There are 2 protein chains.
Amino acid sequence: MLSKACKYAIRSMLYLAIHADGTKKIGVNKIADDLKTPQPFLAKLLQQLQRDKLVSSMKGPKGGFFLDEKNKENSVWDIVMSIDGAAKFDQCFLGLSKCSDENPCPVHSIAFPFKQRILEDFRDKTIVQWAGEIKNSGKVISLKDIEV
Amino acid sequence: MLSKACKYAIRSMLYLAIHADGTKKIGVNKIADDLKTPQPFLAKLLQQLQRDKLVSSMKGPKGGFFLDEKNKENSVWDIVMSIDGAAKFDQCFLGLSKCSDENPCPVHSIAFPFKQRILEDFRDKTIVQWAGEIKNSGKVISLKDIEV
DNA sequence: TAATAAAAAGACTTTTTTATCCTTAATTAA
DNA sequence: TTAATTAAGGATAAAAAAGTCTTTTTATTA
Ligand code: FES
Ligand code: FES
């Protein structure tokens, strides 16, 4: 459903919301290492997000990425739009050219409510809200250092 | 979640269950046309399914594809396994290396039940059952000729 | 001011997925 | 038995996605 690129992007934005702020920026190296994503690829994605004003950055020593107050009020949906584009979620689970209640595919009745539910979460919650929930409820955005 | 290849394969198998039988075989040309899928690509997929004994075929005039009695008792999951492999459904929606209740990603609580629900349907129902439900409930496997 | 650390930018490569083409083999029917 | 029709198989090709590398720019600090 989401591209790898988009998954990396979402996780790194949540990571920044949890670990960084205006006084503590984090470099792409550390982010990539902690999330176990390819470093130069993630750098590209963060550049893209920066261009779309979803993340803030500073060059130079002590530089890195972080979320300013505005960035924090954006939604995960904004990230999806920036990286994958809006179309990703409209698609029919079985590949019909259009997903609709009028002409549902055989799994529409299961797939559509799910898509709606995720979309709602992506659209309606801010990045900080996501970050808060993650901190309070044992959810994880990386399996680094977790016993397998 | 599923590749295009797999979506084409599932829809064409359901198509055959609905429209073909041992006495009426259907050529890849007609299937591709009715489902609006690329013809030579679909041919490849049907070959693959045939090798895995999920579909039957006959060469020559009046030849084509169809499902014999055994084929009809297979599941949609068998199709997924043949084309995409089993791993596709285990994956974490946000790209963690493992999807688990123990270390859930932020959308696991929504995504996992959905995956389970679809998996159940794919595993437990036979192709004929799917075909029956489609015929009885206004579900569609193609939008050809449907007003947009 | 010089050395250094980090992001920005762009070109490039590799891998995967999707799709096409061409030749061969099998079957049917005239 | 010959022509026509259709699947099978194999080799490519094209497109998209994922990933890398190198150079430039900007900021920090010694
Ligand atoms: S029509 Fe297939 S998921 Fe909605
Ligand atoms: S852990 Fe992400 S979907 Fe299960």
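Keep in mind that what you see is a predicted model, and the values were worked out from it rather than measured. Chain identifiers are assigned alphabetically (A, B, ...) following the order of the sequence lines, protein sequences preceding nucleic acid strands; residue numbering begins at 1 within each chain.
When all heavy atoms are compared, the tightest approach of A:W77 to A:A86 is CH2-O, 3.9 Å. Shown here for A:I134 and A:K139, the closest heavy-atom pair between the two residues is CG2-O, 3.4 Å. Shortest non-hydrogen contact noted between B:L46 and B:V28 is CD1-CG2, 3.8 Å. When all heavy atoms of A:L45 and A:A5 are compared, the pair lying nearest together is CD1-O, 3.3 Å.
Nearest-nucleotide positions on DNA chain D place B:G64 closer to the 5' end than the other of B:G64 and A:K4. If A:K25 and B:V28 are placed on DNA chain D by their nearest nucleotide, the residue sitting closer to the 5' end is B:V28.
Taking every heavy atom of residues 10-22 of chain B and every atom of DNA chain C, no pair lies under 4.0 Å. Using a 4.0 Å cutoff on non-hydrogen atoms, the parts of residues 31-59 of chain B near DNA chain C are B:P38, B:P40, B:F41, B:K44, B:M58, B:K59, ordered by number.
Between A:H108 and A:F112, the two ring planes are parallel [angle under 30°; tilted spans 30° to 60°].
Between A:N29 atom CG and D:dC21 atom C1' there is a gap of 14 Å when expressed in whole angstrom units. Rounded to whole Å, atom P of C:dA5 lies 19 Å from atom CD1 of A:I26. Atom-to-atom, CZ of B:F65 to P of D:dA7 comes out at 5 Å; the value is rounded to the nearest Å. Protein atom CG of A:D84 is 10 Å distant from nucleotide atom C1' of D:dA17, rounded to whole Å. Per the geometry, CZ belonging to B:F66 stands 15 Å off P belonging to D:dT6, to the nearest Å.
Using a 3.5 Å distance cut-off with no hydrogens or angles, the side chains of A:S142 and A:D34 do not pair a donor with an acceptor. A donor-acceptor pair shorter than 3.5 Å cannot be found between the side chains of B:S100 and B:N103.
Between B:Y8 and C:dA19 there is a side-chain N or O to OP1 or OP2 distance below 4.0 Å.
Within 6.0 Å of NZ on A:K144 lie more than 12 heavy atoms contributed by other residues, nucleotides or ligands.
Set against D:dT28, C:dA7, C:dA19, the side chain of A:K62 has D:dT28 as its closest nucleotide.
When each of A:L35, A:I26, A:V55 is checked for a side-chain contact (heavy atoms from CB on, under 4.5 Å) with A:S12, only A:L35 meets the rule.
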